Enquirer: 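Sharing a structure with you now.
Note that this is a predicted model, so its numbers are computed, not measured. In the text below, chain A, chain B and the rest are named by the order of the sequence lines, each starting its count at 1.
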Protein chains: 2
Amino acid sequence: MLNEKSLSVSPDCSECPIRHRAVCARCETDELERLEEIKYYRKFEAGQTVIWSGDRMEFVGSVVSGIATLTQTMEDGRTQMVGLLLPSDFVGRPGRSSAAYDVVATTDLVMCCFRKAPFEEMMLRTPHIAQRLLEMTLDELDAAREWMLVLGRKTAREKIASLLSIIARRDASINQRDVEDRLTFDLPLTREAMADYLGLTLETVSRQVSALRKDGVIELEGKRHVTIPDIGRLLEEAGDDADGGVFA
Amino acid sequence: MLNEKSLSVSPDCSECPIRHRAVCARCETDELERLEEIKYYRKFEAGQTVIWSGDRMEFVGSVVSGIATLTQTMEDGRTQMVGLLLPSDFVGRPGRSSAAYDVVATTDLVMCCFRKAPFEEMMLRTPHIAQRLLEMTLDELDAAREWMLVLGRKTAREKIASLLSIIARRDASINQRDVEDRLTFDLPLTREAMADYLGLTLETVSRQVSALRKDGVIELEGKRHVTIPDIGRLLEEAGDDADGGVFA
DNA sequence: GCAAGACTTTGACGCAGATCAAGATTTGGA
DNA sequence: TCCAAATCTTGATCTGCGTCAAAGTCTTGC
């Protein structure tokens, strides 16, 4: 299965998670080349909608850089975010022809896309791709279920702490350490987007963020830059085990 | 790929969804026979725990008959149901060694199980199985995300109506039509289990069920037997489009 | 550098659903 | 058949978060 060429990563693909995670180092050379043929990049600006719920979806792909959200909207306008897409996350469903959710770029976004039909065709012939996608989808399912606990049973304060701990842990690209080796990052979401993710109003989000700051759980510089002095404390506030449940 | 034997269903397997949905009519005869070798049935009584969160999980499988729930519990005892397993639903994750949730039988339950190691091994050699599991997992992910909207944004009354409409639509085995051709079924969940699914208290569930009855949206015979005079009305109460969103 | 719009904070008040409590109904075992 | 436990209903009261309102603070383009 393995050969030298499949292990090497060509420069233009060094940022492409699908190729890294699903394909590279596992498939035959000619499969890699076929995948290369149907691959292309798309860029979106912050605020742009990548795809509307119900639209025909003619590609699948994964996030290379930036952040996007998946949201559902009820007829009366209530909206719930159902997924946060960070670099390396996959978008799209083989076998489904239209999008089930709105996908919106919340920061500038680069996606690595594959035309859907040839990708599906290739999946049929390349078992590792389906297996890798299954693995990724099971991870997403776990994350969705973890989030159900947050939405159904946690208080507003716990919800905020849960969101901050997910962001602090999941997106290596925005995470830094400051001079004292504390976690520090820019929030990639507005208060309103946080509210949509957490099933709260933006006013409640704002109040609870202020409360966490006042209590020393987080530090804020401006509206968006967050520093976590003690990640264990934050996890406690989130109602998680100190060792972090599924996020560990 | 196809041959006569793979299309025929042996009697002892006529109820096994994995075989129907993932394997039958798609694989070679010898794969079918190997699958048969590692297959076994397990029965559980109502109330029994199938597996505890964190336990080593040495099988995967699917529900043949009965209903089970997936729940998460916080240290302080708050619990959230994160999945409802109806006949044909799959349990277990190839590649994961321990269970992430408690699985509890809420009615008498029959499961069709496969020993995990040989099943995984077989999955590697039989692309259709991974592809079928991917399809099923994507469906579960959609259901989980639909439920996030219910948990995050719907009122108590809408939540109850949403749960009833899911049960009314998804479990063909408990669904009947009465003499006037109206949907009618026994609720497979206690008020407490409904509360755990909906992120409510059991008192609120009881009150809202009573309210829906008083308003003629549902009819009750005893505590558990429900009749839906007008499914469109119920969907309206659930806040869904009359044509049902992802449940359509 | 300033005006307009987007985003955020804070306050006052109301309400949906939680909590606490008591009692009714159903189930099951001796 | 009867008692005990489980399940469900209903009422009274409390509270966390939503709603409405106003003002503060960033950002952007001119």
Enquirer: Side chain to side chain contact (heavy atoms under 4.5 Å, CB included), that's the test. Do A/Leu141 and B/Arg93 meet it? Break it down for me.
Expert: CA-CA 11 Å; A/Leu141 185 56; B/Arg93 14 218 62 197; 3.5 Å; yes
Enquirer: I need the CG-C1' distance between A/Leu189 and C/dC7, as an integer number of Å.
Expert: 14 Å
Enquirer: If pairs are Watson-Crick or G-U with both distances under 3.5 Å, what is the dot-bracket string of DNA chain C, marking crossing pairs with [ ] and pairs to another strand with |?
Expert: ||||||||||||||||||||||||||||||
Enquirer: Are A/Arg145 and B/Glu140 within salt-bridge range, i.e. N to O under 4.0 Å?
Expert: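 Salt bridge between A/Arg145 and B/Glu140, a charged N being under 4.0 Å from a carboxylate O: yes.
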Enquirer: Using a 6.0 Å distance limit plus a 45 degree cone around the ring axis, check whether B/Arg42 lies over the aromatic ring of B/Phe59.
Expert: yes
Enquirer: Hey, could you give me each pair passing ring-ring contact (aromatic ring centres under 6.0 Å, His included) that has a residue in residues 63-89 of chain B? Not counting sequence neighbours.
Expert: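 Found none.
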Enquirer: What do the steps show when you test B/Val103 against B/Thr69 for side chain to side chain contact (heavy atoms under 4.5 Å, CB included), and what is the final call?
Expert: CA-CA 6 Å; B/Val103 181; B/Thr69 61; over 6 Å; no
Enquirer: Looking at B/Ala238, is its backbone amide N or carbonyl O close enough to the side chain of B/Lys154 to form a donor-acceptor pair, meaning the two atoms are under 3.5 Å apart?
Expert: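 A pair under 3.5 Å: yes.
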Enquirer: Distance-only check: which donor-acceptor pairs under 3.5 Å involve side-chain atoms of residues 189-198 of chain B, not counting sequence neighbours?
Expert:
| from | atom 1 | to | atom 2 | distance (Å) |
| --- | --- | --- | --- | --- |
| B/Thr190 | OG1 | B/Glu192 | N | 3.3 |
| B/Thr190 | OG1 | B/Ala193 | N | 3.0 |
| B/Arg191 | NH2 | B/Lys223 | O | 2.9 |
| B/Asp196 | OD1 | A/Arg153 | NH2 | 3.2 |
| B/Asp196 | OD1 | B/Thr79 | OG1 | 3.1 |
| B/Asp196 | OD2 | B/Thr79 | OG1 | 3.1 |

Enquirer: Using a 3.5 Å cut-off and no angle test, enumerate the donor-acceptor pairs between side-chain atoms of residues 46-54 of chain A and protein atoms at least two apart in sequence or in another chain.
Expert:
| from | atom 1 | to | atom 2 | distance (Å) |
| --- | --- | --- | --- | --- |
| A/Gln48 | OE1 | A/Glu45 | N | 2.7 |
| A/Ser53 | OG | A/Ala100 | O | 3.3 |

Enquirer: Residues from residues 210-224 of chain A sitting under 4.0 Å of DNA chain C, heavy atoms only?
Expert: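 Those residues are A/Ser210, A/Lys223, A/Arg224.
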Enquirer: Are A/Leu86 and A/Val63 close enough, and set up right, to give a side chain to side chain contact (heavy atoms under 4.5 Å, CB included), and what steps lead you there?
Expert: CA-CA 7 Å; A/Leu86 302 178; A/Val63 176; over 6 Å; no
Enquirer: Mind calculating the distance between CZ (A/Arg153) and C1' (C/dA18) to the nearest angstrom?
Expert: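 Those two atoms, CZ and C1', are 11 Å apart.
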Enquirer: Would you call A/Asp215-A/Arg233 a salt bridge at under 4.0 Å N-O?
Expert: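 A salt bridge is absent here (no side-chain N lies under 4.0 Å from a carboxylate O).
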Enquirer: Could you work out, with side chain to side chain contact (heavy atoms under 4.5 Å, CB included) as the rule, every residue matching B/Ser98, not counting sequence neighbours?
Expert: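 Counting only residues at least two positions away or on another chain, B/Ser98 forms no side chain to side chain contact (heavy atoms under 4.5 Å, CB included).
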Enquirer: Can you list, in residue-number order, the parts of residues 197-207 of chain B that come under 4.0 Å of DNA chain D, counting heavy atoms only?
Expert: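 Heavy-atom contacts with DNA chain D come from B/Leu202, B/Glu203, B/Ser206, B/Arg207.
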Enquirer: For side chain to side chain contact (heavy atoms under 4.5 Å, CB included), just list the numbers for B/Arg182 and B/Ile231, CA-CA rounded to whole Å, side-chain angles, deciding distance to a tenth of an Å, and then say yes or no.
Expert: CA-CA 9 Å; B/Arg182 304 177 306 173; B/Ile231 185 75; over 6 Å; no
Enquirer: Could you check how far CZ of A/Arg191 sits from C1' of C/dT9, rounded to whole Å?
Expert: 9 Å
Enquirer: Can you tell whether the side chains of A/Glu237 and A/Arg157 come within less than 4.0 Å, N to carboxylate O?
Expert: yes
Enquirer: Where do N or O atoms of nucleotides 28-30 of chain C meet protein N or O atoms at under 3.5 Å, pair by pair?
Expert:
none

Enquirer: Could you pull out the closest heavy-atom pair between A/Asp240 and A/Glu146, with the gap in Å?
Expert: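 In terms of heavy atoms, the two residues are closest at OD1-OE2, 4.1 Å.
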Enquirer: Check whether more than 12 heavy atoms from other residues, nucleotides or ligands sit under 6.0 Å from atom CZ of A/Arg78, and answer yes or no.
Expert: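 For A/Arg78, atom CZ is crowded (more than 12 foreign heavy atoms under 6.0 Å).
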Enquirer: Enumerate the ring-ring contact (aromatic ring centres under 6.0 Å, His included) contacts for residues 61-89 of chain B, please, sequence neighbours excluded, ordered by first and then second residue.
Expert: none
Enquirer: Between B/His225 (NE2) and C/dT26 (C1'), how many Å, whole number?
Expert: 17 Å
Enquirer: Listing time: all N or O pairs from protein to nucleotides 1-6 of chain C that are below 3.5 Å?
Expert:
none

Enquirer: What is the first contacted nucleotide of DNA chain D and what is the last, in 5' to 3' order, if contact means an atom lying under 4.0 angstrom from a heavy atom of chain A?
Expert: D/dC17 to D/dT25
Enquirer: Give a yes or no on whether a salt bridge exists between A/Asp142 and B/Arg96, defined as a side-chain N under 4.0 angstrom from a carboxylate O.
Expert: yes
Enquirer: Between side-chain atoms of residues 203-210 of chain A and protein atoms elsewhere (two or more places apart, or another chain), which donor-acceptor pairs fall under 3.5 Å?
Expert:
| from | atom 1 | to | atom 2 | distance (Å) |
| --- | --- | --- | --- | --- |
| A/Thr204 | OG1 | A/Thr201 | OG1 | 3.1 |
| A/Ser210 | OG | A/Ser206 | O | 3.0 |

